[in-house]
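Below you'll find the structure, written out as structure tokens, and then a few comments.
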Number of protein chains: 2
Amino acid sequence: MKPVGFHQHDHETCKSGGITSAVDYCETRGLQFTPVRRRTLEILLHEHRAMGAYDLLEVLGREGFGSQPPVVYRALEFLVRHGFAHKIERLNAFVGCVHPGADHAPAFLICRQCDAVAETRARPAMALLGDLAGEAGFRVERAVIEAEGLCPNCQEPANPGPESRGKDPK
Amino acid sequence: MKPVGFHQHDHETCKSGGITSAVDYCETRGLQFTPVRRRTLEILLHEHRAMGAYDLLEVLGREGFGSQPPVVYRALEFLVRHGFAHKIERLNAFVGCVHPGADHAPAFLICRQCDAVAETRARPAMALLGDLAGEAGFRVERAVIEAEGLCPNCQEPANPGPESRGKDPK
DNA sequence: ATTAGCATGTTACCTTATAACGTTCGCGAC
DNA sequence: GTCGCGAACGTTATAAGGTAACATGCTAAT
Ligand SMILES: [Zn+2]
Ligand SMILES: [Zn+2]
Ligand SMILES: [Zn+2]
Ligand SMILES: [Zn+2]
């Protein structure tokens, strides 16, 4: 299972999959997938990159939604709580989930050069961490696992600069 | 190798060890372990708990050091850069390092009840994560690994409340 | 029709973090 | 000695991230 985000892939599927998963999930549980929430998720799913709350807010505001912080923070809280988006603690920013629906423990690979963020499954690492913690009597409930480094594209000497930002990880 | 922080231990060793390691390290490399830096580390090492920059700053200010944010952020930057302290991304807060000197990949166990933070070695989890990422062509340079849950003390029904805060994890 | 729940919006505010600039001190070059 | 330099410290000001509290509007149950 390769992480999604760095390599060429059908990104339309990422987008539509993220949305339809959310629609289904909300439908079956009687949750409201309202316009702000939907739009917020759409913006996050636009590319595999983390966005700050205020960047999102600016877009939402321009599109006729509320323009004050609580608007976006509430939408994000909803999306994160139900697993449609994730917060990247390292960046104080948010990404759309690419394994929606599935109950999953995500880990993130963050490229320090082009800012792309790929999501991968953290189960094995989580298990190991859980064991390690368990030996000390600590019970892990959730874990933040965020790796920082260079993505495949940025390792090639050809695209070493920030001018490569925003091109590939669509 | 048990994580340090939750269990009974000689905490004086944590404190003095942290300081003397820093002194030695700085001496051999010609770095300046100045009063603000030293005092900041001392405060952090006081207990196994994460402290916000502004809480630190308040103490420093009261003790005659500068009272403006850059003072503490610069000290923290130095301590973190050289591995004497760590930032807990999840909490936007800082802890003193309990494995100073050693080149180490730390993972943190954060108790959501009593706020104690234990540091443990993340090597195995890092290795696994590195392999996983490597398959995708991603080169991991550093990783944030922070588990949240209940520490041994807070799992006992006897100390379930926030009134247990601050007692044990000295 | 009334009430309760939930989503949205706003104002105001708090916390966390950094940019920019001036001063001081120690130290090697001259 | 003193000139010049780099590193550390201090300040002011401001950016960036996040929340509390309250008012309005919708819908669904009673
Ligand atoms: Zn995609
Ligand atoms: Zn996900
Ligand atoms: Zn200790
Ligand atoms: Zn450490």
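We name chains A, B, ... by the order of the sequence lines, and we start the count at 1 in each one.
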Within the structure, does a side-chain N or O atom of B:Tyr54 lie under 4.0 Å from either OP1 or OP2 of C:dT15? no
Whole angstrom is fine here: how far is it from CG in B:Leu91 over to P in C:dA17? 11 Å
Roughly, in whole Å, what's the span from CZ in B:Phe33 to C1' in D:dA7? 17 Å
Looking only at heavy atoms, what is the nearest atom pair of B:Cys154 and B:Cys111, with distance? SG-SG, 3.7 Å
Would you say the side-chain atoms of A:Glu119 pair up with the backbone N or O of A:Pro106, donor to acceptor, closer than 3.5 Å? no
List, one per line, each side-chain donor-acceptor pair under 3.5 Å for residues 24-36 of chain B, sequence neighbours excluded.
residue, atom, partner, partner atom, Å
B:Tyr25, OH, B:Arg29, NH1, 3.4
B:Thr28, OG1, B:Tyr25, O, 3.0

What nitrogen or oxygen pairs link the protein and nucleotides 27-30 of chain D at under 3.5 Å?
none

So CG of B:Leu41 and CZ of B:Phe94: to nearest 0.5 Å the spacing works out to 13.0 Å
Rounded to the nearest angstrom, tell me the gap between atom CG in B:Leu57 and atom P in D:dC9. 14 Å
Please name the pair of heavy atoms, one in B:Ile145 and one in B:Ala122, separated by the smallest distance, quoted to 0.1 Å. CD1-CB, 4.1 Å
To the nearest 0.5 Å, atom CG of B:Asp131 lies from atom CE of B:Met126 at 11.0 Å
Can you tell me which residue pairs pass the ring-ring contact (aromatic ring centres under 6.0 Å, His included) test with a partner in residues 102-128 of chain A, sequence neighbours excluded? A:His86-A:His104, A:His86-A:Phe108
Taking only N and O in the side chain of A:Asn92, is any of them less than 4.0 Å away from OP1 or OP2 of D:dA16? no
Provide, to the nearest angstrom, the distance between the OH atom belonging to B:Tyr73 and the P atom belonging to D:dT14. 18 Å
In 5'-to-3' order, the base (B), backbone-only (S) or no-contact (-) status of each nucleotide in nucleotides 7-13 of chain C, using a 4.0 angstrom heavy-atom cut-off, is SBBBB--
Which class fits the ring pair B:His48 and B:His11: parallel under 30°, tilted 30 to 60°, perpendicular over 60°? perpendicular
Quick check on C:dA17: is either OP1 or OP2 less than 4.0 Å from any side-chain nitrogen or oxygen of B:Lys87? yes
Here the distance between atom C1' of C:dA17 and atom CG of B:Leu56, to the nearest Å, is 14 Å
Mind calculating the distance between CZ (B:Arg38) and P (D:dC9) to the nearest angstrom? 14 Å
Can you check whether A:Ile110's main-chain N or O pairs, donor with acceptor, with A:Glu146's side chain at less than 3.5 Å? no
Show each protein N/O and nucleotides 26-28 of chain C N/O combination with a separation under 3.5 Å, one pair to a line.
none

The salt bridge (Lys or Arg N to Asp or Glu O under 4.0 Å) partners of B:Glu42 (sequence neighbours excluded) come to B:Arg38, B:Arg39
Distance check needed: D:dG17 P versus A:Ile88 CD1, whole Å only. 14 Å
Can you measure from NZ (B:Lys87) to CG (B:Leu79) and round to the nearest 0.5 angstrom? 14.0 Å
Between P on D:dC9 and CD on B:Glu77, what's the gap in Å once rounded to a whole number? 12 Å
